[in-house]
Protein chains: 2
Amino acid sequence: MNKRVRLIDVAEAAQTSIKTVSRVLNNDERVSDETRERVQKKMNDLGYQVDIIARSLRTGVDRVIGVVVPKIGDPFFAELVEEVEAVANEHGIGVIVGSTHGELVRENELVQGFIQRRVTGMIIAPQDADYSFLKQNQMPTVFIDRAPEKYKADVVRVDDEYGAKIAVEHLIKNGHTRIAYFADNLKVKPTALRLDGYKAALKDAGIKLDEELQFLNLEADMNLDVTIEKALKIKNPPTAFFTSKAEISINIVSTMHKIKRTDIALVSFDDFTLAASIQPSITVIDHSAREIGRVAIKKLFEKIDGGDFKPQEHIIPLKVVPRGTGEIKVKVSA
Amino acid sequence: MNKRVRLIDVAEAAQTSIKTVSRVLNNDERVSDETRERVQKKMNDLGYQVDIIARSLRTGVDRVIGVVVPKIGDPFFAELVEEVEAVANEHGIGVIVGSTHGELVRENELVQGFIQRRVTGMIIAPQDADYSFLKQNQMPTVFIDRAPEKYKADVVRVDDEYGAKIAVEHLIKNGHTRIAYFADNLKVKPTALRLDGYKAALKDAGIKLDEELQFLNLEADMNLDVTIEKALKIKNPPTAFFTSKAEISINIVSTMHKIKRTDIALVSFDDFTLAASIQPSITVIDHSAREIGRVAIKKLFEKIDGGDFKPQEHIIPLKVVPRGTGEIKVKVSA
DNA sequence: TCCCATTATGACAACGATTACCTACCTATG
DNA sequence: CATAGGTAGGTAATCGTTGTCATAATGGGA
């Protein structure tokens, strides 16, 4: 294929040195207007393009930030990445993404790979708690969603326990006392915290905890028909559902519509497309991916060009977005 | 910060040459087991990690593929990227993404940036038609969604016209003759093709085209209340809607639920979450992001390691996924 | 015994940019 | 007139790895 045009090629053409061309490229003052113009013309003529890799090697950093998420196809993380990318772009920095799919090995590989690449910084939604392999201050890093253990770092997250608590309180306020909780994998810290919030709300209201109402460790893509059927068949059945995340909520909405049980109140931890539009519409705890992304990338840039700050935790405030399913046993017709 | 461990550091520790260490690193046969073991031990002890940038400079390629999409936050592209990433990952290759947000300048910057970075390959969903700036065969590239003009390249896309045609035919088969079309920006090629398909289906069925039923160049995030109201108020109102893409469909579903008009049939070009679950559920033309992604990355790797094939067009087959709203004026209760 | 082939290893250049340092040259000032 | 200081530009080292080519040691066959 066509050979690359290098600085030296431009230098020869412009009858000057490689260094002067480099100066022009980097907008160094120390070049006379005349020379600058001549060099620039030649650059255009030859179609010169910097070699980013060579530059990165010399300068010691690759102008890219590495983002690690469980699943880029998940709209939550996709939006988060979009926000990160938008801000990074303003700084002339690219974004390289990797999905762990919940595999710890993969997560480690990704992070190691970013280090090997000398990325400018990292944003990580960790599954794995143990980040002790990362040397403190080795690389500007911001964690999202949950903090790693054994490593001091900036974290941007929502207050999961509080969010779950106000969600359940919302239901209690609307007269519900039999509230079932549908959660994904409890090994994931935020999910565990949400369960705590659920319990706390019930306890505060003096409602006795009923293990029969807790459906834990569900898979997001699992068929919940049987689970839900079971839930609705217990002696004193629930009048409201609380779900730990969007995928589960969607799954449940789907099933409920199928079995024509739209009389159950539902509050979802995440918001999701159409949650507001469907009948009955779903009350959610607003959990903005974009805001988390925005704060995370902002913090990351502070670390990158501001030097080292001491690690902080940033809690994104949560609130209930009430939407019609708060009230008890309202039969809504579509 | 801590100095990086280099090949030469390992070489010194293992009392051998830098080249031998490099051989061990790259699993070169030409190293005695004894030496290999000694070197490997030192690598571990010192915590050696390759410098990917230096390697890329030397080898001439960065083991990363560049993906350009209009909007990574769009679930369609997010899923596509997830699929691409999964396959790339198997090859030990990373994914760097950029969103154009419909800006041609940004699109060009992204592509140029990837070239400057010597990426292994590119997957591009182009907005801009003119890719003449790319030298033929300069870089393994696969286009998705639409072909660029002035550049011969592999393209993976769906047959937009055909998809729209079968969508409308589905409605016609179910007795509809007044079918409104809601479309996004017609300057985008696929959208224009879908309009062609809509027209073709009506023509084939001998139904006269009515401009009053065409609502074109809508913005995805626009409030469609007024538009829909207008649509339903014309003298001979539509009994069915056909939409050009998921965002618009979602928007419409939202409005229809709000105004309690669930008697209108709706067929959507894209599938979307909950399309199957809501009442009435929405018939869609299946347009799998994942499949497009999978085919695109597969083709890309064929180009990368297979050498140069002549550019081909890959059309992903489309089909109607019928879901309850085909029949005319069925009032569905939730 | 000698020579060629094979194996294990090493020295050195190259990839394309930036950085540290050096050299002219010109001007201003005592 | 001599010297200091500023300006424009150049030379060579460097970043960490891999490719080319050379070399030493070993073994087998003639």
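Labels below follow one simple rule: chain letters A, B, ... track the order of the sequence lines, proteins then strands, and each chain is numbered from 1. Everything numeric here is computed off the predicted structure, so don't read it as measured data.
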>> Please report the distance, rounded to the nearest Å, between CG in Asp62(A) and C1' in dG16(D).
In response: 14 Å

>> Whole angstroms only, please: what is the CD-C1' distance between Glu37(B) and dA8(C)?
In response: 16 Å

> Over how many whole Å does the gap from Leu25(A) atom CG to dT18(C) atom C1' extend?
Replying inline: 10 Å

> Do side-chain atoms of Thr141(B) reach the backbone of Met139(B) as a donor and acceptor pair under 3.5 angstrom?
Replying inline: yes

>> It should be established whether Thr16(B) places a side-chain nitrogen or oxygen under 4.0 Å from OP1 or OP2 of nucleotide dG10(C).
In response: yes

> Across the strands shown, which category fits Ile18(B) at heavy-atom distances under 4.0 angstrom: base, sugar-phosphate, nothing?
Replying inline: base

> Whole-Å distance between dT7(D) C1' and Glu34(A) CD?
Replying inline: 14 Å

> Quick one: which of dT17(D), dT18(C), dT18(D) gets closest to the side chain of Asn26(B)?
Replying inline: dT18(D)

>> Using OP1 and OP2 only, check whether a side-chain N or O of Ser22(B) sits under 4.0 Å from dT18(D).
In response: yes

>> As a test of reading the structure: which of dT17(D), dA8(C), dA11(C) is closest to the side chain of Lys19(B), going by heavy atoms?
In response: dA11(C)

> Any side-chain N or O of Arg118(A) under 4.0 Å from OP1/OP2 of dC15(D)?
Replying inline: no

> Which part of the nucleic acid, if any, lies within reach of Arg36(B) when heavy atoms closer than 4.0 Å are counted: base, sugar-phosphate only, or nothing?
Replying inline: nothing

> Between Glu29(B) and Arg58(B), which has a closest nucleotide on DNA chain C that is more 5'?
Replying inline: Glu29(B)

> Hey, are Lys42(B) and Glu12(B) close enough for a salt bridge, meaning a charged N less than 4.0 Å from a carboxylate O?
Replying inline: no

>> Rounded to whole Å, please give me the gap between CZ in Arg30(B) and P in dA22(D).
In response: 16 Å

> Can you check whether Ser56(B) has a side-chain N or O nearer than 4.0 Å to OP1 or OP2 of dC15(C)?
Replying inline: no

> What is the distance, rounded to the nearest whole Å, between atom CD1 of Ile8(B) and atom P of dG10(C)?
Replying inline: 12 Å

>> Between Tyr131(B) and Phe143(B), is the ring centroid distance below 6.0 Å?
In response: yes

> Are Glu302(A) and Lys299(A) within salt-bridge range, i.e. N to O under 4.0 Å?
Replying inline: yes

> Just how far, in rounded Å, is C1' of dA14(C) from CD1 of Ile53(A)?
Replying inline: 16 Å

>> Does dT9(C) have OP1 or OP2 under 4.0 Å away from a side-chain N or O of Thr35(B)?
In response: yes

> Over how many whole Å does the gap from Arg23(B) atom CZ to dT17(D) atom P extend?
Replying inline: 15 Å

>> Taking the minimum atom-to-atom distance to the side chain of Ala54(B), which one of dG10(C), dA17(C), dT17(D) wins?
In response: dT17(D)

> What are the two closest heavy atoms between Phe114(B) and Val67(B), and how far apart are they?
Replying inline: CE1-N, 3.7 Å

>> So if I take every side-chain heavy atom of Arg55(A) and compare against dT18(C), dG16(C), dT9(C), which nucleotide ends up nearest?
In response: dT18(C)

> Distance check: side-chain N/O of Thr20(A) vs OP1/OP2 of dG10(D), anything under 4.0 Å?
Replying inline: yes

> Measuring from Ile316(B):CD1 to Asp145(B):CG, what's the distance to the nearest 0.5 Å?
Replying inline: 10.5 Å

